[in-house]
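All values below come from the heavy atoms of this structure, side chains included, with hydrogens, waters and symmetry mates left out.
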Amino acid sequence: LLFAFIISCVSLAAGAQTRPVSGVVTDSLTNKPMEYIAVYIEKTSIGCLTNYAGEFYIPDSSSGNVLVIDAVGYKTRRIPLKQSGNTNLKIKMQSESIRLEGAVVKPKREKYTKKENPAVILIRNVIANKDKNRIESNEYFKSDYHEKLTLSFDDYHPDFEKKKKLQFVKQQIDTSEITGKPILTFSIREKICDYYYRKSPKAEKTIQRAVRHHGLDVDLDRNGGLSVTLDQIFTGVDIFDNEITFIANRFVSPISSTLATAYYKYYIMDTVKVDDVPCVDLAFVPFNSQSFGFTGRLYITTDGKFSVKKVQLNFPSSSNINWIDKLRIDQTFQQTEDGLWALSREDSYVNLTLYEGTQGIFAHQTRSFDNFVVDQEMLADHPAYRIDGPTMVLPEAKKQNNDFWDTHRIASLTNRESSVEKVTQDFKENTNITFWTKAIDAFVSEWIPTGKSKDVSKFDLGPILSFLSWDYIE
């Protein structure tokens, strides 16, 4: 009944005459877009978050007459809405960091309430049911697992008129999924695995059946140190945990059993279909925009079981995380034969910058799962649970041919991913590859040799991720 009430609230709004609102929010002094801040209809739970370009869109504002834009450090904007013509608004936010005789003028707070808020009621039901809806509620399960990680030069636009030798890369330049800026992919790593899960005592075992690596950084990874570093950075995300660990940083999960409703504000946006599954689109944003938390969307099934079908996590560049300029994580879940939900795909997008003005790196990891097996009797005594450590690499893993990869790869390669081997060869033939390999090595190994090579270097500077520091605030 409670869930029916929530859905009916959304349905009633959908049945009335709609009044869309859209626009872009920028800083009045710098004209830079303000990303991932809350835009909402006053005295309602209807709203959205601006994207990386500061853009927002609310499909229906008919439940209120005032649009509110609120960000810590800026004057709150309240814009009266007209009966029509509320699209393509240009909204400039003025800084509130003004001191008057020792007093600090602070922005007014949004009048957000948890009491009888349908969005808060919904997220509390999601939290209450999250454990029993997951495939991890089984004692055992197995799946096919495919992982690929690409590294690219971010915002890559060389002067082709002056750098004639780089003409060959023109056809290989693609677009970043986060910023829309040009990127040149120089490395791809792939794994095809069998994944085994045991609930108690908890164990996660991965058997690597195929491993492949192409790119400019192959020569930097002869001893496997680079692969170990990247594996430690890109560990995947479990949103069902109370804390999410990613790139050595910890975040509060939007469905944390202990902190979710105290840390985040929630807004019901709409009812939508995700892969033909009816869902409630639920937006969330930290109470404090400077907090160490995500903004994003949860898509919750409308079947009364409050299952998570899809999630998008964003981390604003204005947050204080070393080296990370932008971060986005998308996850999609699929229903297995026993009616439970399992992660089917995760995409992690990260922009890394040593410091402003240097060549940045765009990393994209895709983790795909398929062919879930939940036969408890068959899995209970499987030898995979007896292997030492979390991972075992089969002897033939690095020898698998293209036919094996084409047959077992869950997520197919994009054009830019398929071209990495050719890009690498062209770079070696047409450029001074030493500069590129040293730049990549410094970024991922965290050490800069003071000699001509690591073999003759008397000492190295590092680790650079803690030896030096740069982020939006510092």
Side-chain angles (χ1 to χ4, degrees), residues 126-149 189-212 231-232 234-245 253 255 257 275 277 301 303 305-311 331-348 365-400 403-412:
V126 172
I127 294 169
N129 290 274
K130 66 178 183 179
D131 290 333
K132 67 182 182 182
N133 286 333
R134 306 175 62 194
I135 193 173
E136 284 84 356
S137 64
N138 283 314
E139 286 298 324
Y140 304 91
F141 77 86
K142 172 197 174 291
S143 73
D144 295 343
Y145 171 43
H146 172 219
E147 176 186 310
K148 59 180 178 177
L149 171 66
R189 299 162 180 270
E190 283 192 280
K191 300 173 186 175
I192 290 177
C193 313
D194 291 333
Y195 173 79
Y196 294 86
Y197 172 87
R198 183 179 65 201
K199 184 177 180 179
S200 180
K202 186 174 181 180
E204 296 178 82
K205 304 292 185 178
T206 302
I207 299 177
Q208 296 183 7
R209 302 171 59 198
V211 180
R212 173 182 280 185
D231 286 342
Q232 291 173 344
F234 293 94
T235 56
V237 163
D238 186 353
I239 64 163
F240 296 94
D241 282 345
N242 291 332
E243 284 189 342
I244 294 173
T245 301
S253 169
I255 54 175
S257 300
D275 299 330
V277 177
T301 61
D303 57 1
K305 295 184 178 180
F306 305 98
S307 304
V308 177
K309 168 59 182 172
K310 183 179 178 181
V311 61
Q331 289 187 336
T332 303
F333 297 82
Q334 72 178 56
Q335 200 165 21
T336 59
E337 61 183 21
D338 56 358
L340 299 175
W341 291 84
L343 177 65
S344 58
R345 177 165 174 144
E346 175 186 88
D347 286 282
S348 300
Q365 184 194 55
T366 299
R367 301 168 65 232
S368 303
F369 299 84
D370 201 4
N371 298 323
F372 294 91
V373 178
V374 292
D375 187 328
Q376 304 300 290
E377 186 176 347
M378 180 190 76
L379 293 172
D381 295 322
H382 199 282
Y385 299 111
R386 295 191 291 272
I387 66 175
D388 293 331
T391 303
M392 181 176 73
V393 182
L394 297 182
E396 65 273 19
K398 293 185 178 181
K399 303 175 184 178
Q400 301 290 6
D403 289 339
F404 180 91
W405 283 94
D406 292 340
T407 302
H408 295 87
R409 185 185 280 123
I410 299 175
S412 58

Worked verdict on Tyr195 versus Glu204 for side-chain hydrogen bond (donor to acceptor under 3.5 Å, both in side chains): CA-CA 7 Å; Tyr195 173 79; Glu204 296 178 82; 2.5 Å; yes

Test side-chain contact (heavy atoms from CB on, under 4.5 Å) applied to Asp370 and Arg345, step by step: CA-CA 9 Å; Asp370 201 4; Arg345 177 165 174 144; over 6 Å; no

Step-by-step side-chain contact (heavy atoms from CB on, under 4.5 Å) determination, Thr235 to Thr245: CA-CA 8 Å; Thr235 56; Thr245 301; 5.5 Å; no

Test side-chain contact (heavy atoms from CB on, under 4.5 Å) applied to Ile192 and Gln208, step by step: CA-CA 6 Å; Ile192 290 177; Gln208 296 183 7; over 6 Å; no

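Looking only at atom types and distance, the side chain of Lys148 has no donor-acceptor partner in the side chain of Ser368 under 3.5 Å away. No hydrogens or angles considered: nothing links the side chains of Glu139 and Gln376 as a donor-acceptor pair under 3.5 Å. Side-chain contact annotation: Asp347 with Thr366, donor-acceptor N/O pair under 3.5 Å present.
Between Ile410 and Asp144 there is a side-chain heavy-atom pair separated by less than 4.5 Å. For the pair His146/His408, no side-chain contact is recorded, criterion being any heavy-atom separation below 4.5 Å from C-beta on. At a threshold of 4.5 Å between non-hydrogen side-chain atoms, the residues Leu394 and Glu396 count as touching. Using a 4.5 Å heavy-atom threshold, the side chains of Leu340 and Lys132 count as separate. Lys305 has its side chain out of reach of Asn129: every pair of non-hydrogen atoms, C-beta onward, lies at least 4.5 Å apart. Residues Ile255 and Phe240 are in side-chain contact: their nearest non-hydrogen atoms beyond the backbone lie under 4.5 Å apart. Within the 4.5 Å cutoff, the side chain of Thr332 has heavy atoms near those of the Lys309 side chain. Contact check for Ile244 versus Ser253: side-chain heavy atoms found under the 4.5 Å cut-off.
When all heavy atoms are compared, the tightest approach of Cys193 to Lys191 is SG-CB, 3.8 Å. Thr301 and Asp303 get closest at one heavy-atom pair: OG1-OD1, 2.9 Å. Residues Ala397 and Val393 come closest through the heavy atom pair CB-CG1, 3.7 Å.
Here Arg209 contributes atom CZ and Ile207 contributes atom CD1; the two are 9.5 Å apart, rounded to the nearest 0.5 Å. Note that OG of Ser257 and CG of Asp131 are 6.5 Å apart. Values are rounded to the nearest 0.5 Å. For the atom pair NZ (Lys142) and CG (Asn371), the distance works out to 7.5 Å, reported to the nearest 0.5 Å. Going from atom CE of Met392 over to atom NZ of Lys205 covers 10.5 Å, rounded to the nearest 0.5 Å. Between atom CD1 of residue Ile135 and atom OG of residue Ser143 there is a gap of 7.5 Å, rounded to the nearest 0.5 Å. Here Glu346 contributes atom CD and Gln331 contributes atom CD; the two are 4.5 Å apart, rounded to the nearest 0.5 Å.
For the pairing with Tyr140, the ring pair (Phe, Tyr, Trp, His ring centres under 6.0 Å) check across Tyr385, Tyr197, Phe372 returns one residue only, Tyr385.
Between the side chain of Gln400 and the main chain of Phe404, no donor-acceptor pair closer than 3.5 Å is present. Within the 3.5 Å criterion, the main-chain N or O of Arg212 finds no donor-acceptor partner in the side chain of Lys398. The closest donor-acceptor contact from the side chain of Lys199 to the backbone of Asn138 lies at 3.5 Å or more, if one exists at all. Between the side chain of Ser200 and the main chain of Lys202, no donor-acceptor pair closer than 3.5 Å is present. Between the side chain of Asp375 and the main chain of Glu377, a donor-acceptor pair closer than 3.5 Å is present. In terms of modelled atom types and a separation under 3.5 Å, the side chain of Lys130 and the main chain of Ile239 share no donor-acceptor contact.
The environment of NZ in Lys310 is sparse: at most 12 heavy-atom neighbours from other residues, nucleotides or ligands sit within 6.0 Å. Annotation: Asp381, atom CG; neighbour count of heavy atoms from other residues, nucleotides and ligands within 6.0 Å does not exceed 12.
Phe141 has its ring centre no less than 6.0 Å from the ring centre of Tyr196.
In this structure, Arg409 pairs ionically with Glu190, as a charged nitrogen and a carboxylate oxygen lie closer than 4.0 Å.
Taking the six-membered ring where tryptophan is involved, the planes of Phe369 and Tyr145 are essentially parallel, since the angle between them stays under 30° and well short of 60°.
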